[in-house]
**Q** 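Pasting a structure here, questions to come.
Chain identifiers are assigned alphabetically (A, B, ...) following the order of the sequence lines, protein sequences preceding nucleic acid strands; residue numbering begins at 1 within each chain.
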Amino acid sequence: MKGSLLLKMRQAGWFDLLVFFLAFSLILVALGITGYIQYNIQMNNMDEGLTKYEIKEALGFFALSRENFLTIGLIAVAVTLLGFALLAISRATERQVSQQAKENMHHMRVVLQYVVAGMITLIMLFPIYWMVISSLKTSTELLLPVPTLWPRLFQWANFPNVLKRAPFIRYLFNTLVTTFFIMVGQIIIGVLAAYGFSKGSFKGKNVLFLLVLGALMIPIQVTFVPIYVMVSRLGWVNSFPGLIVPNLVSAYFIFMLRQSFMSVDDSYLDAGRVDGLNRIGLIVHVLIPMCAPTMITISIITFITGWNSYFWPKMVATKDEFRTIAVGVTRLRQTFAGMETANYNEIMAGAVMAIIPIVILFLILQKYIMAGMSKASMK
Amino acid sequence: MRRPLSEENFAFILITPAVIIIFSIVLYPILKTLYMSFFNIDLTNPFSRPFVGLGNYLEILCGPTFWNAMVRTVYFAVVSISMEFILGISIALLLNEDFYGRWLLRSLIIIPWAIPTIVNGSLWRWIFNPQYGALNALLTQIGLIDSYQSWLGSPFLALNMVIVADVWKMTPLVVIMILAGLQTIPHELYESAGVDGANVLKRFFHITLPMLKPTILIVLILRTMETFKVFDIIYIMTSGGPANGTQLITYYTYREAFSYLQLSKGATLAFLISLTILGLSIIYVKALGTKTEY
């Protein structure tokens, strides 16, 4: 019954597992190769006449364990490939399997899916778990050489302490105001522009569109100095307009929405005209409802981008009254420069406060994000 | 009565606000940056700003710092994007299977992407902490390393550790996009392939991967653009150190302009980045062009 065993493997979801295994073994190989590269670079840079011990001390971690990584990685790749090969031949015996065996396989497959899914969740969520428990530990417990997985003593006071050190509520408020106006502005300006670029026709449309696309790709560090000079001449440093106005247009938004509008057939617009809608009416009553999933998705992405943005708010808001939450989190570290590890519980408490609103928002809107993404990618 | 606007003028009016803002926050600053790059503007010596022509460009292009930063940026982009794709496609394939509780995993997996980069950076800095960090504790407990490592302490290792943090944050985005792409593949394709006797592997390489090509292309391009802009995570995790080991191209620009106050050198770098990105964006538009044909 060798054949049916292999088949069981295959139908029990081994394929997914093998893909994972292959990914991880490739990572190991990559680390090994990295180690060799690092080893060569470091050996070339080293002074001559060092003892073996000194060389070992000077080498980096990956350079030292390059052989281990590469050997384990290569073995893992070989095992995975063998697994794939077994899976491939096992197909020959498929038709001999009874109904009962098929059901068993189905159960095994489900169990395996849960195991793999559980592992992924664990890896993805562990850092967040670590952040939350670190935010609740006492300073003494935080600095144990072997950290505890569950706080021995819950120090909820970390949160009030953070609020005392920095006005986090104010930061949250500022972030909400800024992000809200950026979102509204981007939606209005973006919808209008997307309409112009998709349904309108005028000279130079394509050139202008390319310019907009190009703007999508320029990092803020490139354009920062002239924009900052402009904003400060307008007297907008340390003000909400300074935080909001330079972010009012998102090239990404226009691009995605244009793609979406273009997929709406012109006959819908004609039907709307027959019903007596004017051009603004067509946008509001025909195009926007038809592209609702995309609109929602892009709005969420806009919100996240606004909430997470750091560089511009850091530069333009230098007073607590206008600082945003991302800047606030880094402020916690700077306050205790020199003894930064000692207050990681407070930094993590600040971080937790910074992500709570966005995580809640995400869990509520998750359905729409998925729907919008699949719509958007079909275009 | 006033004549109604022509269709052409109407469209033009609609895009005007967007165009005005884009011109003032992108186009004008870029021209200004270009202008500044031809002078020697040094805020530590504000009273002279001689015209140096292409001098700044020569100085930067002939020196090693720029090229080192460029190589690091490319390394960062290649390694982080390929990791994100290997992991992202695998996870998406799993999540595309039907099993109870899938919705929960789908909601949870998206969270790292929503977390602000600054928080992400602080969090990983804490996990990588040489004395009290979770990573050292975990690896010594399971016996993979003998002694605590300083993960952000040596240049090349630090760069890789920043990549780990970036991969953790950005893989969920790849998962969502690929998952969305997977759902557009008609189920009949797999069924007929099953009748033809194609095995799992063949199905993956002959149906899934080709059908995902447009999605993969878009995600690839977006991620490439983003990695060329990487700044926040470097700033918070390593500040470009140690020994400039994590100084990517945008961070280098920032440092010239804001730490050393060499405005025109920063402007020159900025303009070189814009050129690189322009080159990438031409590839972008070309790729999109082939996609519409598809």
Side-chain angles (χ1 to χ4, degrees), chain A residues 15-16 19-20 23 38 60-61 84 87-88 91 110 113 116-117 120-121 124-125 127 130-131 143 146-147 189 192-193 195-196 200 202 212 214-215 217-219 221-223 226-227 246 248-249 279 304 308 310-311 326 329-330 341 344 347 351 354-355 358-359 362-363 366 373-374 377-378, chain B residues 8 10-12 14-15 17-19 21-22 25-26 29-30 32 86-87 90-91 93-94 97 99 105 107-112 114-119 122-123 126-127 132 134 137 149 154 156-157 176-177 180-181 183-184 199-201 215 225 229 231-232 250 253-254 270 273-274 277 281:
Chain A
F15 181 73
D16 311 60
V19 171
F20 270 101
Q38 195 191 7
F61 169 65
F84 273 123
L87 289 188
R91 121 116 217 119
V110 169
Q113 271 171 349
V116 178
I120 300 170
T121 323
M124 294 306 270
L125 294 188
W130 199 249
M131 169 163 80
L143 302 185
V146 178
I189 296 175
L192 295 181
Y195 179 87
F202 52 90
V212 171
M217 297 147 191
I218 306 296
Q221 286 78 23
V222 170
T223 48
I227 301 181
L248 274 182
V249 175
R279 281 174 291 204
I304 301 241
N308 295 358
Y310 174 70
F311 187 78
V329 173
T330 56
T341 45
Y344 257 106
I347 298 176
I355 68 163
I358 207 143
V359 167
F362 242 66
L363 290 181
Q366 183 256 357
M373 288 277 187
S374 34
S377 72
M378 272 192 285
Chain B
E8 191 169 308
F10 178 69
F12 197 75
L14 288 191
I15 66 161
V19 169
I21 297 187
I22 282 182
I25 64 167
V26 180
I30 283 193
K32 181 91 186 168
I86 293 174
L87 292 172
S90 318
I91 297 176
L93 283 175
L94 176 80
E97 298 288 315
F99 60 91
L105 187 49
S107 336
L108 291 178
I109 207 130
I110 214 172
I111 292 178
I115 288 182
T117 315
I118 286 303
V119 170
S122 312
L123 170 60
W126 170 229
I127 291 176
Y132 316 110
Q149 303 289 326
S154 66
F156 190 58
L157 186 56
I176 311 164
M177 303 283 265
Q183 275 153 12
T184 63
N199 61 42
V200 181
L201 256 189
T215 320
M225 297 294 158
K229 294 197 236 174
F231 176 83
D232 293 0
T250 38
T253 313
Y254 164 80
I273 297 180
S274 307
I277 287 172
S281 65

**Q** Are side-chain heavy atoms of B:Ser122 and A:Val329 found at a separation under 4.5 Å?
**A**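 With C-beta onward as the side chain, the pair touches.
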
**Q** Please identify, among A:Gly200, A:Pro226, A:Gly196, A:Ala23, the residue contributing the most non-hydrogen atom pairs under 4.5 Å to chain B.
**A**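 Counting heavy-atom pairs under 4.5 Å, the top option is A:Pro226.
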
**Q** Begin from the C-alpha positions of A:Trp130 and B:Ile127 and carry the test side-chain contact (heavy atoms from CB on, under 4.5 Å) through to its verdict.
**A** CA-CA 8 Å; A:Trp130 199 249; B:Ile127 291 176; 3.8 Å; yes

**Q** CG of B:Asp232 to OG1 of A:Thr330: how many Å apart, nearest 0.5 Å?
**A**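 That separation rounds to 10.0 Å.
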
**Q** CD1/B:Ile21 to CD1/A:Ile189 distance, rounded to the nearest 0.5 angstrom?
**A**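 Nearest 0.5 Å value for the CD1-CD1 distance: 4.0 Å.
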
**Q** How far apart are the closest heavy atoms of A:Pro246 and B:Ile25, and which atoms are they?
**A**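 Between these two residues, the closest heavy atoms are O-CD1, 3.0 Å.
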
**Q** How many angstroms lie between OG1 in A:Thr223 and CD1 in B:Ile30, if you round to the nearest 0.5 Å?
**A**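 It is 7.0 Å, given to the nearest 0.5 Å.
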
**Q** Any chance you could measure B:Ile109, atom CD1, to A:Met124, atom CE, to the nearest 0.5 Å?
**A**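 Between B:Ile109 CD1 and A:Met124 CE, I get 5.0 Å after rounding to 0.5 Å.
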
**Q** At a heavy-atom distance under 4.5 Å, which candidate from B:Leu87, B:Ile22, B:Ile86, B:Thr253 has the highest pair count against chain A?
**A**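 The residue among B:Leu87, B:Ile22, B:Ile86, B:Thr253 with the greatest pair count is B:Ile22.
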
**Q** Name the one of B:Ile111, B:Ile115, B:Ile110 that satisfies side-chain contact (heavy atoms from CB on, under 4.5 Å) with A:Phe362?
**A**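 Of all the options given, the one that passes is B:Ile110.
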
**Q** Classify the ring geometry of B:Trp126 against A:Tyr344: parallel below 30°, tilted from 30° to 60°, perpendicular beyond 60°.
**A**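 Geometry flag for A:Tyr344 against B:Trp126: parallel rings.
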
**Q** What are the two closest heavy atoms between A:Ile304 and B:Ala114, and how far apart are they?
**A**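 Closest approach of A:Ile304 to B:Ala114: CD1-CB, 3.8 Å.
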
**Q** How close do A:Ala193 and B:Ile15 get, heavy atom to heavy atom, and via which atoms?
**A**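 Between these two residues, the closest heavy atoms are O-CG2, 3.5 Å.
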
**Q** Between atom CD1 of B:Ile118 and atom CD1 of A:Ile355, what is the distance when rounded to the nearest 0.5 Å?
**A**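 That separation rounds to 14.0 Å.
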
**Q** Locate the shortest heavy-atom distance separating B:Val119 from A:Ala351; write the atom from each residue and the value.
**A**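 Looking at all heavy atoms of both residues, the closest pair is CG1-CB, 3.6 Å.
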
**Q** Are there over 12 heavy-atom neighbours, none belonging to A:Phe311, within less than 6.0 Å of that residue's CZ?
**A**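 For A:Phe311, atom CZ is crowded (more than 12 foreign heavy atoms under 6.0 Å).
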
